[in-house]
Each structure stands twice: as structure tokens, then as C-alpha cells.
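Beneath this line is the structure, given in C-alpha cells, with notes to follow.
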Amino acid sequence: MTTSTATYTDVQLDEIFDPIYARIAEGAVAREVDRRLAYDEVGWLREAKFGALRVPVEFGGYGASVRQLFRQLVKLATAESNLPQALRVHWSFVEDQLLAEDSPARTRWLTEVAEGKLVGNAITEPGVGAVDRYRTTVTGPDDKLVVNGTKYYSTGSLYSDYILIAGDRDGERVGVLVDADAEGVAQHDDWDGFGQRLTASGTTEFANVAVSGDRLLGPGYGGAGRTYGTSYLQLVQLAVLAGIAQRATDDTAAWVRDRTRTYTHAVADLPREDPLVQQVIGRLSSAAFSARAAVFDVADTLDAVLDQGATDADLLDAAEFDVARAQAAVIPTVLDATTGLFEVGGASITSERLRLDRHWRNARTISVHNPLIYKLQSVGNRILNGADLPYAWSAGARPAAD
């Protein structure tokens, strides 16, 4: 196992990626209005090897720490909140390779990621999901596997080169890596949520897709026992919220600075000089700051978790516990702030041209992943009763008890 040490400084990474974020941010409102998937923007990130932030320099990556990665994810989310979520499973795939023993397969995947390849996912299924077992099947001998099934919430797969599939093979949970353009793969942009509309989180169908044995992986996320994966994947969602709060601050402040209309009973002639308006901006900025601080704090713990091979039970519990608590702090703070931003102006701030409502819609949508009520319950049960944390779990219709 090769650990990744920070080779590029934050300043160096900013010099590489900040101009790309600026280009991405310029088209955010237009993409929202047109519902145009961010293929070009993902292409810019691919060309700059954004997906290789955590890949060690000996494989052609940047060798970034977990904290450095999440710092860049917050910045990207500030420019376009859909993209860090779209790449969420890509990062955990890279971490799995970093944790694996040295092998030709590990070298291959890390090298391909360093060359710009991206990994999407097809894990969640409609209906029963994986509560019982996956309905997506992987059949045949190792040298001639065949995948059949239908997946939903295939986040980021339309942007990706490979799709990580979770399936059932003779009663066992397995992961399979499939070429996104393989024969028998059909992807649909039919995600109909009111927020995070450009994450490409639609349906993917697999009809007799042939897969070679070297693409057969372990059980992956959702297996029993402690894992770094739950806290890591949840932290990506919190990084998205931190970016949304920052972009909402920037957009609202820019609107207020140019505004001259106010009310007869306002305490200042210009909105930007009104202490009540200033308070709203201050609340937005505080939400962005506190969310970012929580993300970086958990990222530091995950750095420790992954540096020692993700096997230390106490560190794994600490990361899982802290990210659950961070959700309870970040989610309501960002939702309240992105709702309250409309208090800085009259009806004109609701203009479709501005699309400031997208900040709340995106925040609300990203916040329902692994619902907060269950996270709070697990935190309280651990504090009161010393209960184990649930870690990875699946969503679906539970079969009726016998």
C-alpha cells in the first residue's frame, strides 16, 4: 500500500484549478436555465487531471492529502455544486486503489485516473434496492462475466469513462467496473429532482454486458463492518453544502451592492448600507465558514484513518461519529441561510433570471442523502447507550417479516 503525501501545496493547486473554477462558474446560471449537462466543464477538469488529486505523483497524480482534496471540492462546489457530487464515487474508487496491495491492477487504475479517466456509479436500485439483495446480477465464469440489471441514481456516470456497478453474484455482493460505452449499457438523463439537476443521476440499464474477470472487484461500499466509505462519501455532500453557501453569499452580495431601491421605512438610503441587510449577508457568510470548517475538521480525521490503512477501529468510529454530527450542524445552517437570503430585497430578487432559488433547491436536495433524522438518532443512541454506529447501509423496500 502506498500512502499519498502532499507534494503540491495549496497555492500550487489553486494556481492550476482556480482559473477552471472561474470558467465553470461563469456558465452556472445558464446551465441551470437550459438544464444543460456539464460535459464541457467536466472536460476541462479531466484535462487538468482533477480526478487525480489523490493519486500519488509516481503514478502521475498530485499526491494531495484528504484535506487538500476537500478544499478543492468546496471550491468546485462554489463554482458548480453539481460537479463534486457527480464525482463522489470516483474519489472513493481512488481511495480503494490507494488502500489496495501493490498489483498490476492497482497500478493500471491509478495510472488511468492520472491520465484523466473518471469513474461513475450504478449502485442504487429502485424498489427493494439492496435491502434483501441486488436484482442486478453478475453471472458466468471469471473470464466471461455478464451483467444484467437496472440502476437508478447513477450519479456522474454520464460524465464518466467507467461505471462502478454493485451486483449480486450467486448470493454474494460484488463490484464490477464496466466501460461506460460498452455494448448493452444504456444511460438516461431522467433524474427529476428539483435540485442538483445536472449531476446526471438518472437510470442506467445493463443488458447482457460482457465484462472481463479483471473488472471483478470486492463487495465495496455497503458491506458489513466498519468502513471509511460512509464518512468519506457523506463528507463530499457536506463539501457541496459548504460550496453552495459560499456561492449564495457571493451571488446575494453582488446583487445587493448594485441595488439602489429600498423602502421608505428602511434605516439607510442604500441596501448595502442597511444594517438589517448586512445581517443577512453576515449569516450567509457564517454558514459558509462553519460548513467549511466542519468539512476540514472531518477531513483531517479521514487523513489519519487512511494513512494507517483504514483499519483502526477507534479512528473509523471517530470519523463516522463526527461526520454524522457535522451533518446536524451544517444542513440546517445552510438551509436557513439560503432561505433567508431573499430577505435582502423585494419581489425582484425572485426573478428567474437570477435563479437564486437554485441555492436552496440544491442544498435541500443534497441534504436528503442519508436522511439527517437517522444520523441524529445514531449519534444519540451511541452517546446514551454506547451503540455501534450503522456505517454503510442500503435503501429500499424492506421485505415483510415471516
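We count residues from 1, following the sequence as given.
- Between Arg36 and Leu198, every side-chain heavy-atom pair lies at or beyond the 4.5 Å cut-off.
- A salt bridge is defined here as a Lys NZ or Arg NE, NH1 or NH2 lying under 4.0 Å from an Asp or Glu carboxylate O, and Asp250 with Arg247 fails to meet this definition.
- With no hydrogens or angles considered, no side-chain donor-acceptor pair links Thr155 and Gln85 at under 3.5 Å.
- Other residues, nucleotides and ligands contribute over 12 non-hydrogen atoms within 6.0 Å of the OH atom of Tyr21.
- In summary, the side chains of Tyr228 and Asp96 do present a donor paired with an acceptor at a separation below 3.5 Å, with no hydrogens or angles considered.
- A donor-acceptor distance shorter than 3.5 angstrom exists from the side chain of Gln187 to the backbone of Leu158, with no hydrogens or angles considered.
- Remark: Asp142 engages Arg169 in a salt bridge, criterion side-chain N to carboxylate O under 4.0 Å.
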query: Going through the distances and angles, do Asn148 and Asn208 end up as a side chain to side chain contact (heavy atoms under 4.5 Å, CB included)?
result: CA-CA 5 Å; Asn148 283 282; Asn208 296 317; 3.2 Å; yes

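- Aromatic pair Phe17/Tyr62: ring centres closer than 6.0 Å.
- Rounding to the nearest 0.5 Å gives a distance of 8.5 Å between OH of Tyr162 and CZ of Phe93.
- Between Arg358 and Asp251, at least one side-chain N (NZ, or NE/NH1/NH2) sits under 4.0 Å from a carboxylate O, which counts as a salt bridge.
- Atom CZ of Arg261 is surrounded by 12 or fewer heavy atoms from other residues, nucleotides or ligands within 6.0 Å.
- Residue-environment remark: CZ (Phe289) stays at or below the threshold of 12 foreign heavy atoms within 6.0 Å.
- Counting heavy atoms of neighbouring residues, nucleotides and ligands inside a 6.0 Å radius, atom CG of Asp190 exceeds 12 of them.
- In this structure the side chain of Leu98 reaches within 4.5 angstrom of the side chain of Pro56, judged on heavy atoms.
- With Trp91 as the fixed residue, the ring pair (Phe, Tyr, Trp, His ring centres under 6.0 Å) test singles out one of Phe50, Phe70, Tyr232: Phe50.
- Ring pair Trp360/Phe194 is parallel by interplanar angle, where below 30° counts as parallel and above 60° as perpendicular.
- Residues satisfying the side-chain hydrogen bond (donor to acceptor under 3.5 Å, both in side chains) test with Glu352, not counting sequence neighbours, are Arg355.
- Pairing each heavy atom of Gly61 with each of Ala114, the nearest pair is N-CB, 4.0 Å.
- A salt bridge between Arg361 and Glu32 is present, with a side-chain N of the basic residue lying under 4.0 Å from a carboxylate O of the acidic one.
- None of Lys75, Arg31, Arg197 except one satisfies the salt bridge (Lys or Arg N to Asp or Glu O under 4.0 Å) rule with Glu80; the exception is Arg31.
- A donor-acceptor pair is defined here as one N or O able to donate and one able to accept, closer than 3.5 Å; no such pair exists between the side chain of Asn385 and the backbone of Ala387.
- When only modelled atom types and interatomic distance are considered, Thr137 and Thr139 share no side-chain donor-acceptor pair under 3.5 Å.
- A salt bridge links Arg71 with Asp14: the distance from a Lys NZ or Arg NE/NH1/NH2 to an Asp or Glu carboxylate oxygen falls below 4.0 Å.
- Judged purely by atom type and a 3.5 angstrom limit, Thr78 uses its side chain to pair as donor or acceptor with the backbone of Val74.
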